[in-house]
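Worksheet: one structure, shown below.
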Amino acid sequence: MGEQVVLISSSIVRPVNKPGSDRTKIHLTPFDLNLLHIGSPQRGLLFPKPNPDFHVISRLKASLSLALEIYFPFAGRLVKVENLEDNTVSFLIDCDGSGARFHHAEAKTISVSDLLQPDGSVPDFMKQLFPADDFKNCDGVTKPLLVLQVTEMKDGIFIGYCYNHLVADGVSMWGFINTWSKICSSGSSSFVHKPIVLKRWFLEGIHYPIHIPVSEAERPRPSRELPITKDRVFHFTKKNISDLKAKANSEVGSSDITISSLQAVTAHMWRSIIRHSGLSGGETQYKVVVDVRQRVNPPLEEDCFGNMIYIQQAIATVEELLNRGLGWAALQISKLVSSQTNENCKKFAEDWVRNVKNLKTGVGSRTVGDFVLVGGSPRFEVYNNDFGWGKPVAVRAGPGNNISGKLVLFPGIDEGSIDVQTSLWSDVLVNLLGDVEFLEHVSIMV
Ligand SMILES: *[C@@H]1O[C@H](CO)[C@@H](O)[C@H](O)[C@H]1NC(C)=O
Ligand SMILES: *[C@@H]1O[C@H](CO)[C@@H](O)[C@H](O)[C@H]1NC(C)=O
């Protein structure tokens with residue numbers, strides 16, 4: 001783990017009651033299976049240090065055990081079934097109560113201020129505060145679906161976690177964190193009155209379990225040396241956002257279309273990053289994670305548990321993107337978002353099943369740098385997750401899926417602000433940090 005962060009113990013935390021033989025098994029949808037070879041997301045919350053009487057580690061473990069009783073899919077395992085008759089494999093989540101892994105670590109020399117750099121830079125030791133090195137979702141066949149690391153720092157605590165994307169998406173994960181924190185602070189799970197709603201959306205016309213050619217299901221070999229990416233957190237104040245939004249809307253100049261804050265901010269990031277990507281022409285893509293819950297017909301419950309996302313893209317030529325202004329870029333994003341209808345979601349799933357291929361290419365080329373990939377959301381409730389000794393002071397994404405152009409969105413700590421954790425190749429980042437037009441709209445101290 002390196003010198004600054006020392007692993008004290010590692011254990012398995014199981015749900016309070018072991019499930020019986022009638023336990024739930026969850027079939028996976030095209031939305032899940034499409035993420036098979038993608039790195040499992042890692043997120044972490046930074047807290048002030050609790051009073052020693054709080055017994056933070058034992059309380060976190062005890063409450064986790066109660067939380068896993070409710071959110072039982074996280075305590076299950078991914079199972080790969082070989083279909084010998086057609087040389088394919090299928091996957092399912094067996095909610096067998098095997099449990100989540102819990103690391104307890106210490107970093108006596110690292111303080112909160114080491115992590116919260118005023119310029120938004122992310123120190124190298126940050127990755128040691130996260131529990132997993134290079135987990136891909138397909139690794140769930142041998143590894144727990146949820147791995148946590150609680151690190152006691154000099155004057156704070158960091159709770160880092162890695163979750164298998166086949167089990168949950170951001171909406172479901174934050175729902176879990178919120179429930180866990182409430183159980184931990186109150187000491188009981190009696191306030192939870194209803195079980196989680198599992199998605200029962202098995203798409204008409206799709207036969208489950210889905211069969212995947214053996215070759216597509218194998219874990220891809222680690223690729224050749226890839227250029228190193230660096231992370232930076234860009235903070236957009238409420239004022240920065242409203243200025244960008246006003247600029248984008250005035251450029252669009254249409255009374256029928258309103259560019260949202262999020263579209264304006266991410267359009268600004270897209271243009272600024274591509275401007276420094278060294279591309280001489282060709283196309284660029286804006287890829288965004290789309291939540292299907294409210295798009296399908298009939299809609300799913302807003303808090304229904306599982307993974308209900310897919311990735312869609314807007315395409316532009318580099319020339320258009322750079323020459324036609326913020327409003328034009330935001331308009332392409334707005335059109336992309338409004339085209340995500342019930343038909344589009346269903347078509348994605350049906351096409352996927354009909355032609356399972358290229359799973360291993362993941363979300364795109366790691367060597368070209370011609371896209372941004374926008375995930376996370378400023379709507380996730382982050383700062384109200386109080387485990388009993390105070391609210392989080394920051395949130396970060398961990399390593400994994402290091403692709404130049406990856407943007408993870410979080411709410412900023414001040415109401416109405418947005419943080420964008422951005423992964424970029426070092427040279428792109430250096431140029432971006434020297435770009436006055438970019439910096440005018442963000443608030444970092446360079
Ligand atoms: C991946 O990203 C992390 C920061 O999130 C960084 O510390 C690490 O060096 C990166 N690895 C590569 C190979 O780019
Ligand atoms: C963005 O926010 C920073 C910090 O508040 C401020 O200095 C800068 O002027 C803002 N830019 C715009 C265009 O609002």
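Atoms considered below: every heavy atom in the structure, side chains included; atoms not considered: hydrogens, waters and symmetry mates. Throughout, numbering of the chain's residues begins at 1 and tracks the sequence. Start at 1 and go down the list; that is how both ligands and their atoms are numbered. What you see is a predicted model; the values in this text were computed from it and never measured.
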Check your understanding: Judged by modelled atom types alone, do H104 and E152 share a side-chain donor-acceptor pair under 3.5 Å?
Key -> yes
Practice item. Could you list which atoms of ligand 2 come closer than 4.0 Å to a heavy atom of D243? Key: 12 (C), 13 (C), 14 (O)
Exercise for review: Return yes when at least one protein heavy atom is under 4.0 Å from atom 9 (O) of ligand 2, and no when none is.
Suggested key: no
Point to revise | Closest candidate by heavy atom, reference atom 5 (O) of ligand 2, pool T237, V442, L439, I241 | key: T237
Review point. Does the pair D414/K238 count as a salt bridge with the N-to-O cut at 4.0 Å?
Key: no
Point to revise | F234 and its side-chain contact (heavy atoms from CB on, under 4.5 Å) partner, picked from D419, L433, N240 | key: L433
Exercise for review: Check the side chains of Q340 and Y310 for a donor-acceptor pair under 3.5 angstrom, ignoring hydrogens and angles.
Suggested key: yes
Check your understanding: Do we see a donor-acceptor contact under 3.5 Å between the side chains of T341 and R295?
Key -> no
Check your understanding: Any idea which protein heavy atom is nearest atom 3 (C) of ligand 2, and the distance to it?
Key -> S443 CB, 3.4 Å
Review point. Looking only at heavy atoms, is any part of N240 under 4.0 Å from ligand 2, and if so is it the side chain, the backbone, or both, or is it neither?
Key: both
Check your understanding: Short N/O distance, under 3.5 Å, between E440 and ligand 2?
Key -> yes
